[in-house]
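We use all heavy atoms of the structure for the numbers below, so side chains are in, but hydrogens, waters and symmetry mates are not. The structure presented is a predicted model; accordingly, all values stated were derived computationally and were not measured. Naming convention: chains lettered A, B, ... in sequence-line order (proteins, then strands); numbering from 1 in each chain.
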Amino acid sequence: MEPIEELRQQQLKKLEELRRQGIDPFPNDFRVNTTTAEIHRRFQDLPAEELEKVKDCFNLAGRIVSIRSFGKAAFFHLQDRKGKIQVYVKKEFVGEEALELFSCLDIGDLVGISGIIFRTKTGELTVRANEIKLLAKSLRPLPEKWHGLRDVETRYRQRYLDLIANPSVREIFYKRTKIIQLLRQFLDKRDFLEVETPMMHSIPGGAAARPFKTHHQALGIDLYLRIAPELYLKRLLIGGLERVYEINRNFRNEGLSTIHNPEFTLLEFYQAYATYHDLMNLTEEMLTSIAQEVLGEMKFSYQGQEIDLTPPWPRLTLLQAIENYGKAKAEDLLNKENAARFARKIGLELSGKESLAEIQVGIFDMIVEPRLIQPTFVTHYPREVSPLARVDEKNPELTERFELYIGGLEIANAFCELNDPLEQRERFNQQQERRREFEADEGLEIDEDFLCALEYAMPPAAGEGIGIDRLVMIFTDSASIREVIIFPQLRPK
RNA sequence: GAGCCGCUAGCUCAGCAGGUAGAGCAUCGGCCUUUUAAGCCGAGGGCCCCGGGUUCGAGCCCCGGGCGGCUCACCA
């Protein structure tokens with residue numbers, strides 16, 4: 001017998017004992033009328049004498065997370081979705097039977113209690129139980145009360161234990177939901193329409209990532225989990241919806257890291273008749289309002305670095321950014337040989353097949369990105385790495401595009417949308433050629449249906465994608481994306 | 001995919017130079033009617049991640065593997 005099985009058997013024995021006494025260990029007939037947080041909120045500041053006048057009876061349910069038991073009385077902490085409160089069980093109030101039941105209860109069990117409020121000698125707000133009822137018996141021991149659950153692997157694989165044992169984890173997910181609600185409110189207020197576009201695409205598009213492949217039996221076709229919703233949201237611009245957004249999952253069949261999970265949540269929104277300049281302003285407003293609501297201020301620390309979201313945020317071109325942070329002269333980066341030399345100098349490995357644009361972006365990723373701690377818009381990405389973006393009027397090698405960095409993380413990517421169907425076809429062709437050149441195996445299929453849609457005229461527009469998981473990382477001071485994804489991808493054990 | 005680190009009781013962690021595997025919490029038994037990391041007395045609990053090797057002897061050393069973490073690579 002495995003050793004853990006011994007503990008389980010002990011619990012099972014208690015469960016049988018309860019059944020023998022005619023007690024259902026898994027009933028559902030207890031009704032709550034408050035929460036732990038509500039009690040704290042109402043009575044937190046009331047002194048003991050005042051509390052005595054409160055005769056209300058409170059019905060609470062939750063998990064027993066600690067017990068301090070004496071012969072004829074006991075204290076325990078009850079944890080519900082809002083927090084914890086101490087409960088006092090004493091023979092003269094609950095009766096002998098209930099006290100006996102209580103002796104069969106364990107840390108980890110779910111119980112309902114009803115009682116009145118008082119303050120103990122040491123001043124802790126406590127519910128004195130008149131009644132205690134088992135609501136669900138636990139058969140396995142909970143992680144330790146003091147240190148919680150530390151083992152990272154167990155925390156992710158058994159997230160429910162993490163949520164029970166580590167209150168800060170629960171906070172992260174409450175905050176995550178709050179942030180998403182605020183994003184929705186922000187966009188709804190500006191007359192954006194929330195939509196849901198397909199998650200299964202017959203041609204993966206809108207980004208350049210390797211997709212997950214699946215198969216539809218009845219249709220007899222292969223499908224791909226989407227890598228981006230972009231091409232569908234643009235179809236809706238063509239359809240006249242003008243302002244649309246989607247908050248949903250995307251799937252990329254790439255490596256995992258502290259900032260990459262194979263499925264991740266992205267907000268994408270598109271606004272007709274707007275430019276990327278408009279979106280920079282909108283993004284500043286959006287994220288500062290979220291900071292205000294979630295953190296109450298513009299300054300906070302992320303992984304030991306002070307971040308200040310007070311607008312306006314610096315706006316630099318990609319080359320300016322390299323110049324500022326990389327100590328390279330912009331003119332040196334305009335020539336492929338020089339750029340490659342500089343790239344090698346800073347330790348970037350080049351195969352020799354890279355284009356100038358790719359080298360520039362490589363340099364940026366290597367030395368600038370990790371140093372963009374304060375919110376910074378980086379603009380004018382090369383056309384070649386931006387096949388869906390409108391080219392810059394002054395320099396056709398660049399695009400009207402920006403990425404936003406905070407805390408060294410890429411948070412947003414936005415651009416004026418290319419709406420010339422002929423140019424879009426040309427860009428797809430160029431992309432396809434380049435892909436053929438380097439990765440013979442993986443072709444790039446052109447989405448003819450999308451090009452057809454573009455020919456019906458898409459309004460000039462700007463669109464943006466914001467990585468929700470990374471945004472939540474910033475606002476919760478999380479070092480890894482797995483801390484903000486409630487069930488991150490792991491290898492099956 | 002590569003490098004580095006980790007994996008010991010349900011949980012959190014010790015363990016050394018290679019010499020019978022430890023603590024706290026949790027569990028079980030006893031005492032205890034305001035405790036709060038409750039306390040006191042007693043007890044049980046281990047494939048030391050898995051497999052091979054070296055050795056009289058391996059949790060510890062060597063080789064292979066698994067899972068996780070970090071870094072790198074990949075990643076518009």
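B/G51: Watson-Crick or G-U partner is B/C63, with both key distances under 3.5 Å. Within the shown strands, nothing qualifies as a pairing partner of B/A58 under the Watson-Crick or G-U definition with both distances less than 3.5 Å. Pair assignment for B/G24 gives B/C11, based on Watson-Crick or G-U wobble hydrogen-bonding distances that are each under 3.5 Å. Pair assignment for B/C32: none, as no Watson-Crick or G-U wobble contacts are both less than 3.5 Å. Nucleotide B/G18: unpaired (no Watson-Crick or G-U wobble partner with both distances less than 3.5 Å). Using the Watson-Crick or G-U wobble rule with both distances under 3.5 Å, B/G68 pairs with B/C5.
Taking atom CD of residue A/Q158 and atom C1' of nucleotide B/G68, one finds them 14 Å apart after rounding to whole Å. Remark: P of B/G1 and CZ of A/R210 are 12 Å apart, rounded to the nearest angstrom. The separation between A/I4 atom CD1 and B/A9 atom P is 11 Å, rounded to whole Å. To the nearest angstrom, P of B/G24 lies 19 Å from CZ of A/R150. Atom-to-atom, CG of A/L125 to C1' of B/U35 comes out at 15 Å; the value is rounded to the nearest Å. Rounded to whole Å, the distance from CD on A/Q11 to P on B/G10 is 14 Å. With rounding to whole Å, A/E153 atom CD is found 12 Å from B/U12 atom P. Protein atom CG of A/D162 is 13 Å distant from nucleotide atom P of B/G69, rounded to whole Å.
Among the nucleotides B/G68, B/U34, B/C74, the one closest to the side chain of A/H260 is B/C74. Comparing B/U71, B/U33, B/U35 by their nearest atom to the side chain of A/Y88 picks out B/U33. Taking the side chain of A/P3 as heavy atoms from C-beta on, and the options B/U33, B/G10, B/G68, the nearest nucleotide is B/G10. Listed candidates were B/U35, B/U12, B/C28. Nearest to the side chain of A/K14 is B/C28. For A/I107, the side-chain atoms get nearest to B/A26 when compared with the rest of B/G69, B/A26, B/U35. Residue A/D106 places its side chain closer to B/C28 than to any other of B/C28, B/U12, B/C70. For A/L490, the side-chain atoms get nearest to B/G68 when compared with the rest of B/G44, B/C32, B/G68.
Taking atom C1' in both B/G53 and B/A58, one finds a spacing of 11 Å when rounded to whole Å. Nucleotides B/G57 and B/C5 place their P atoms 28 Å apart, quoted to the nearest Å. Across B/C11 and B/G18, the matching P atoms stand 29 Å from one another, rounded to whole Å. Atom P of B/U71 sits at a distance of 48 Å from the matching atom of B/G29, rounded to the whole Å. For the C1' atoms, the distance linking B/A21 with B/C60 amounts to 12 Å, nearest Å. Rounded to whole Å, the C1' atom of B/G44 lies 11 Å from the corresponding atom of B/A9. Atom name P, nucleotides B/G3 and B/C62: the rounded distance is 16 Å, in whole Å. Taking atom P on both B/G22 and B/C47, the two are 15 Å apart, rounded to the nearest angstrom.
Residue A/R8 places none of its side-chain N or O atoms closer than 4.0 Å to OP1 or OP2 of B/G10. Taking side-chain N and O atoms only, A/R491 has a distance below 4.0 Å to OP1 or OP2 of B/C67. Regarding contacts with the backbone of B/G68, every side-chain N or O of A/T154 stays at 4.0 angstrom or more from both OP1 and OP2. Neither OP1 nor OP2 of B/U34 sits under 4.0 Å from any side-chain N or O of A/R128.
A salt bridge does not link A/E254 with A/R252: none of the charged nitrogens is closer than 4.0 Å to a carboxylate oxygen. The pair A/E417-A/K234 counts as a salt bridge, with a side-chain nitrogen and a carboxylate oxygen less than 4.0 angstrom apart. Ion pairing between A/R425 and A/E448 holds under the 4.0 Å rule for side-chain N and carboxylate O. Salt bridge A/K14/A/D106: present, at least one basic N to carboxylate O contact under 4.0 Å. Under a 4.0 Å N-O distance rule, the pair A/E423/A/R427 qualifies as a salt bridge. With respect to the salt-bridge test (charged N to carboxylate O, under 4.0 angstrom), the residues A/D420 and A/R390 do not qualify.
For the pair A/R401 and A/Y381, the cation-pi test (distance below 6.0 Å, angle within 45°) is passed.
Evaluation of A/F75 against the base of B/U35 yields a stacking contact (centre distance < 5.5 Å, interplanar angle < 30°).
Of the residues A/Q489, A/R482, A/E483, the one that meets the side-chain hydrogen bond (donor to acceptor under 3.5 Å, both in side chains) test with A/Y156 is A/E483.
Each of A/E144 and A/Q489 has a nearest nucleotide on RNA chain B; the 5'-most of these lies closest to A/E144. Heavy-atom nearest nucleotides on RNA chain B were determined for A/T126 and for A/P141, and the one closer to the 5' end corresponds to A/P141.
The aromatic rings of A/H201 and A/Y232 lie tilted to each other, with the angle between the two planes from 30° to 60°.
With sequence neighbours excluded, the residues satisfying ring pair (Phe, Tyr, Trp, His ring centres under 6.0 Å) with A/F102 are A/F76.
Counting distance only, with no hydrogens placed and no angle test, the side-chain atoms of A/H147 and the base atoms of B/C11 include no donor-acceptor pair under 3.5 Å. Evaluation of atom-type donor-acceptor distances gives a pair under 3.5 Å for the side chain of A/Q86 against the base of B/U35.
The number of heavy-atom neighbours closer than 6.0 Å to CD of A/E131, taken from other residues, nucleotides and ligands shown, is 12 or below.
Looking at residues 89-105 of chain A, you'll see A/K90 sit with a heavy atom under 4.0 Å from some atom of RNA chain B.
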